[in-house]
Amino acid sequence: MPIEGFEPYRPEDAGIYDTYRRWLGLNWGDLFDKATDIYPGKEGLADDTARFTYGELREKVDRLAAGFIGLGIGPRDFVLLQIPNWHEYVIAFFALQKVGAITVLLISRHGPAEIAHVCGLTHPVAWIGPDLYRNTDYPAMIGRIMEQETALRHLVTVRGRERAGCVRLE
């Protein structure tokens with residue numbers, strides 16, 4: 001079942017892509033798994049707070065994917081991802097790919113107007129972002145948007161404290 005507004009490839013173009021192996025039948029989750037299978041002991045990700053081998057990343061991504069499934073996030077669900085340049089962004093992105101969610105990427109500067117507009121277009125089931133970043137209280141801002149966007153059911157915060165109505169990514 002196609003997503004409303006999605007324009008599929010023409011069958012003749014899809015045939016060419018298949019013939020010349022331009023489509024390998026792999027998604028981002030599959031590619032991530034291949035990389036982590038090949039290099040489990042090599043360092044795969046580092047930021048200012050942590051370092052991970054590919055094997056450690058795989059374990060974190062798989063656990064988070066299971067957590068997303070537990071929240072009810074599944075294939076073809078739109079999810080807003082608004083994490084700054086932190087390691088949690090990579091982990092959340094690949095976990096969403098593994099569950100088949102459609103990730104809507106937002107930058108940290110997007111405010112209520114931009115996020116509300118994107119919500120109106122995609123009707124996401126979840127938002128994942130920082131608890132507090134550059135003096136912005138994201139859960140408070142997203143909470144106001146949730147009042148209008150009924151599909152948005154989950155706020156997942158990163159590097160934050162316990163809050164009512166929020167699930168901590170950690």
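Below, each value reflects all heavy atoms present in this structure, side chains not excepted, and no hydrogens, waters or symmetry copies. Not measured: the values here are computed from a predicted model.
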- Identify whether the distance between the nearest side-chain nitrogen and carboxylate oxygen of Arg58 and Asp37 falls below 4.0 Å. yes
- Task: Salt-bridge test for Arg163 and Asp137: reply yes if a basic N is under 4.0 Å from a carboxylate O, no otherwise.
- Result: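 Between Asp137 and Arg163 there is a salt bridge, with a charged N closer than 4.0 Å to a carboxylate O.
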- Give a yes or no on whether Tyr39 and Leu26 share a hydrophobic cluster (residues Ile, Leu, Val, Met, Phe, Trp, Tyr; joining criterion: side-chain heavy atoms under 4.5 Å apart). no
- Message: Please say yes or no: joined through hydrophobic side-chain contacts below 4.5 Å, possibly via intermediate residues, are Ile102 and Phe93 part of one cluster?
- Response: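 As far as the 4.5 Å side-chain criterion goes, Phe93 and Ile102 are connected within one cluster.
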- Would you confirm whether the ring centroid of Phe78 sits within less than 6.0 angstrom of the ring centroid of His123? no
- Query: Quick one: are Leu169 and Thr157 in side-chain contact, heavy atoms under 4.5 Å?
  - Reply: no
Heavy-atom donor-acceptor pair, [X] side chain to [Y] backbone, under 3.5 Å:
| X | Y | result |
| --- | --- | --- |
| Glu56 | Thr53 | yes |
| Tyr17 | Leu24 | no |
| Gln82 | His110 | yes |
| Gln148 | Ile145 | no |
| Asp77 | Gly74 | yes |
| His154 | Leu71 | yes |

- Query: Nearest 0.5 Å, what's the CD1-CG distance between Ile128 and Leu96?
  - Reply: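 Nearest 0.5 Å value for the CD1-CG distance: 4.5 Å.
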- CG (Asn85) with more than 12 external heavy atoms under 6.0 Å: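 Incorrect, the count does not exceed 12.
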- Message: Any donor-acceptor pair under 3.5 Å linking the side-chain atoms of Thr49 with those of Arg159?
- Response: yes
- Query: Regarding Gln97 and Thr103, is there a side-chain donor-to-acceptor distance under 3.5 Å anywhere?
  - Reply: yes
- Task: Linking directly or through intermediates, with side-chain heavy atoms under 4.5 Å: list the remaining ILVMFWY members grouped with Leu132, chain and number order.
- Result: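 Leu132 shares its hydrophobic cluster with no other residue.
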- Carefully, step by step, assess Asp131 and Arg168 under the rule salt bridge (Lys or Arg N to Asp or Glu O under 4.0 Å). CA-CA 9 Å; Asp131 183 66; Arg168 293 183 63 228; over 6 Å; no
